Protein chains: 2
Amino acid sequence: MGRQETLELLWGLRAAPKRGPKAAFGVADVAAAAVEIADSDGVGAVSMEQVAARLGYTKMSLYRYVDSKAALLAVMIELAIGEPPDLSRVRGGWRGQARRWCELMWQTWDRHPWVPHATVGERPVGPNEVGWSVAALTTFTDIGLSRGDTVDAVALLSGHLRNTYAVTAAGSQPWTDQVRPDEELRDVMARTGVSYPSLDQVVAGRPLSADRRSFGLERILDGIELHLQREGVGASV
Amino acid sequence: MGRQETLELLWGLRAAPKRGPKAAFGVADVAAAAVEIADSDGVGAVSMEQVAARLGYTKMSLYRYVDSKAALLAVMIELAIGEPPDLSRVRGGWRGQARRWCELMWQTWDRHPWVPHATVGERPVGPNEVGWSVAALTTFTDIGLSRGDTVDAVALLSGHLRNTYAVTAAGSQPWTDQVRPDEELRDVMARTGVSYPSLDQVVAGRPLSADRRSFGLERILDGIELHLQREGVGASV
DNA sequence: AGTTTGTGTGTCCTACGGATACTGTATCCG
DNA sequence: CGGATACAGTATCCGTAGGACACACAAACT
């Protein structure tokens with residue numbers, strides 16, 4: 001029910017029962033079923049009833065394995081993101097590793113588009129998620145950053161990545177229904193007579209390039225590199 | 001019910017009724033009551049019933065003014081963030097203006113800590129929110145960025161700000177209950193025998209400084225400035 | 001006047017997360 | 001070997017949610 005129990009579940013610290021009937025299924029099955037639902041119908045479609053129905057059992061049987069909906073979400077995330085990558089052999093220095101980390105995370109999200117949304121905020125994290133964070137952390141270790149700045153660099157990078165995903169991977173957005181939301185907004189703004197020069201300037205002309213992924217990332221990496229140079233320590237490669 | 005109606009509500013395009021009884025209250029009252037609830041008990045405590053109870057009316061009467069819960073959320077956000085600032089007289093060039101924009105946004109969020117969480121994802125936006133975006137957009141206009149990069153810079157900045165808020169403003173987090181979550185995690189990891197060098201390295205020693213706001217922001221601004229210099233256009237001040 | 005249009009209420013429905021009590025089953029201990 | 005024990009899956013019930021619908025009443029226009 002609490003964070004404690006969920007954490008123990010995530011980290012495999014639950015003692016296996018010795019007596020009683022054999023379990024017909026387990027946490028892994030629950031998580032798998034839930035992830036399938038989330039992948040196809042969105043995370044909003046994941047309910048205890050739906051998951052149980054997919055497994056062929058009743059809703060309440062799930063509570064034998066996942067103490068709560070929050071715990072279910074947690075094991076879903078663990079299953080979805082999977083084992084963290086090993087970046088130690090990636091070439092291109094810390095910049096190359098950071099880029100690779102983003103690529104891999106992105107690919108994972110492409111398979112499970114609900115994950116970036118589900119991983120906001122404070123919550124119990126499992127070994128896979130910690131592993132991913134550590135992979136990023138290792139990338140920024142021993143390049144000349146202070147301890148605090150290292151943590152901040154990881155937060156900066158991963159946060160940016162999550163922000164960009166929802167916007168850029170617009171294909172997974174549910175507004176396939178004829179009207180684009182920015183068009184609607186433009187129409188309404190025109191009707192109210194509101195106009196902003198800087199906005200018009202941006203909107204005018206040819207539509208913007210679809211590849212809007214690299215700018216933010218490269219700016220962040222540039223900023224970190226510049227910081228290293230100013231601190232007088234960093235070896236860029 | 002749809003985005004269209006919500007947009008018209010937000011932008012004041014609803015025609016005022018000519019006949020019928022006088023309305024005992026209005027959208028403004030609904031939004032105000034809802035914001036009060038969210039401020040004190042969190043956005044999760046905002047339900048139609050609760051808002052109606054605070055106003056002294058029944059739940060269903062609210063639907064006369066806000067087509068849905070999503071629309072209620074939208075007007076709440078508009079009320080909470082308020083009128084956008086005018087940064088044109090802020091000194092320090094675009095960097096100073098960007099910093100100021102972040103400060104002001106941060107202050108707003110301190111008054112309404114649920115806002116950063118509520119403003120993720122695609123949704124109908126009102127004039128205040130557009131105004132805030134435009135203020136940031138104007139800051140990055142005519143400093144040497146391409147149209148696309150200008151938009152990306154705003155997204156980078158505002159996204160980073162929202163990411164940092166939830167982490168840094170931990171005072172508003174609901175884990176006042178004796179145990180700190182990172183302690184719990186450390187304990188569980190110790191019990192499983194898992195250990196990561198780069199993680200240990202960061203955790204070891206004195207606790208990190210509480211001021212973790214500036215690093216990411218300054219790295220982003222540095223990255224943008226470096227980009228301007230490389231493009232050969234930017235006037236830094 | 002009466003019609004039209006709008007306001008706030010009461011009732012009902014569906015879906016959700018979850019508590020509790022129960023029946024049945026596998027294992028351990030005497 | 002047989003009862004006690006611990007566990008598995010089910011059935012029932014509850015509170016809270018968002019929201020549809022139909023009503024009784026009130027103000028304005030004709």
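Chain identifiers are assigned alphabetically (A, B, ...) following the order of the sequence lines, protein sequences preceding nucleic acid strands; residue numbering begins at 1 within each chain. Bear in mind the structure is a predicted one, so any value in this text is a computation, not a measurement.
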Visitor: Over all strands shown, is M60(A) touching base, sugar-phosphate only, or nothing at heavy-atom distances under 4.0 angstrom?
Guide: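 Base contact.
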
Visitor: Determine the minimum heavy-atom distance between V30(A) and V51(A), stating which atoms define it.
Guide: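 Reported closest heavy-atom pair: O-CG1, 3.9 Å.
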
Visitor: If you measure from CZ on F25(B) to OH on Y65(B), what distance do you get to the nearest 0.5 Å?
Guide: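 Interatomic distance, F25(B) CZ to Y65(B) OH, rounded to 0.5 Å: 5.0 Å.
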
Visitor: Both distances under 3.5 Å, Watson-Crick or G-U wobble: report the partner of dC21(D), or none.
Guide: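 The answer is dG10(C), by the H-bond criterion.
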
Visitor: Is the shortest side-chain N to carboxylate O distance from E129(B) to R123(B) below 4.0 Å?
Guide: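 A salt bridge is present here (some side-chain N lies under 4.0 Å from a carboxylate O).
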
Visitor: State whether Y57(A) places a side-chain N or O below 4.0 Å from either non-bridging phosphate oxygen (OP1 or OP2) of dG9(D).
Guide: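 For Y57(A), the contact criterion (side-chain N or O under 4.0 Å from OP1 or OP2 of dG9(D)) is not met.
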
Visitor: Distance check needed: dT12(D) P versus E49(A) CD, whole Å only.
Guide: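 Going from E49(A) (CD) to dT12(D) (P), I get 14 Å.
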
Visitor: Calculate the interatomic distance between L55(B) atom CG and dT9(C) atom P; express it in whole Å.
Guide: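 Taking CG of L55(B) and P of dT9(C), I get 11 Å after rounding.
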
Visitor: Starting from the 5' end of DNA chain D, give me the residue, G20(A) or F25(A), whose nearest nucleotide shows up first.
Guide: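 Between the two, 5'-proximity favours G20(A).
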
Visitor: Please classify the nucleic acid contact of S61(A) as base, sugar-phosphate, or nothing, using heavy-atom distances under 4.0 Å.
Guide: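 Base contact - S61(A) has a heavy atom under 4.0 Å of at least one base atom.
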
Visitor: Checking contacts here: which listed nucleotide (dG17(C), dA8(D), dG19(D)) is nearest the side-chain heavy atoms of Y63(A)?
Guide: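 Nearest to the side-chain atoms of Y63(A), counting from C-beta on, is dG17(C).
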
Visitor: Is the distance from OP1 or OP2 of dG9(D) to the nearest side-chain N or O of Y65(A) less than 4.0 Å?
Guide: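 For dG9(D), OP1 or OP2 has a side-chain N or O of Y65(A) closer than 4.0 Å.
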
Visitor: Using whole Å, report how far NZ of K18(B) lies from C1' of dT3(C).
Guide: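 Going from NZ in K18(B) over to C1' in dT3(C) covers 19 Å.
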
Visitor: Nearest-Å distance, CZ (R14(B)) to P (dT7(C))?
Guide: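 One finds 11 Å between P of dT7(C) and CZ of R14(B), rounded.
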
Visitor: Supply the atom-to-atom distance N128(B) CG to S133(B) OG, rounded to the nearest 0.5 angstrom.
Guide: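 One gets 11.0 Å once the value is rounded to the nearest 0.5 Å.
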
Visitor: If I take atom NZ in residue K59(A) and atom C1' in nucleotide dA11(D), what distance separates them, rounded to the nearest angstrom?
Guide: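 One finds 11 Å between C1' of dA11(D) and NZ of K59(A), rounded.
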
Visitor: Quick one: M48(B) CE to dT14(C) P, roughly how many Å, whole number?
Guide: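 After rounding, the reported distance stands at 20 Å.
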
Visitor: Between R19(B) and K22(B), which is nearer to the 5' end of DNA chain C once each is assigned its nearest nucleotide?
Guide: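 Nearest-nucleotide comparison on DNA chain C picks R19(B).
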
Visitor: Could you state the CG-C1' distance from L72(B) to dA17(D), rounded to the nearest angstrom?
Guide: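 Spelled out: CG on L72(B) to C1' on dA17(D) is 14 Å.
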
Visitor: Give a yes or no on this: more than 12 heavy atoms of other residues, nucleotides or ligands lie within 6.0 Å of atom CZ of R191(A).
Guide: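 Result for CZ/R191(A): enclosed.
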
Visitor: How many whole angstroms separate atom CG of D67(B) from atom P of dG18(D)?
Guide: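 After rounding, the gap between these two atoms is 15 Å.
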
Visitor: Measuring from the side chain of K69(A) (C-beta onward, heavy atoms only), which nucleotide among dG17(C), dG18(D), dA8(D) has the closest atom?
Guide: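 Selected nucleotide (nearest to the side chain): dG17(C).
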
Visitor: Would you indicate which nucleotide in dG8(C), dA8(D), dG17(C) comes nearest to any side-chain atom of A23(B)?
Guide: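 Nearest to the side chain of A23(B) among the choices is dG8(C).
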
Visitor: Quick check on DNA chain C: between R64(A) and Q50(A), whose nearest nucleotide comes earlier from the 5' end?
Guide: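 So the residue in question is Q50(A).
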
Visitor: Any side-chain N or O of T58(B) less than 4.0 Å from the OP1 or OP2 oxygen of dG8(C)?
Guide: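 No, because none of the side-chain N or O atoms of T58(B) sits under 4.0 Å from OP1 or OP2 of dG8(C).
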
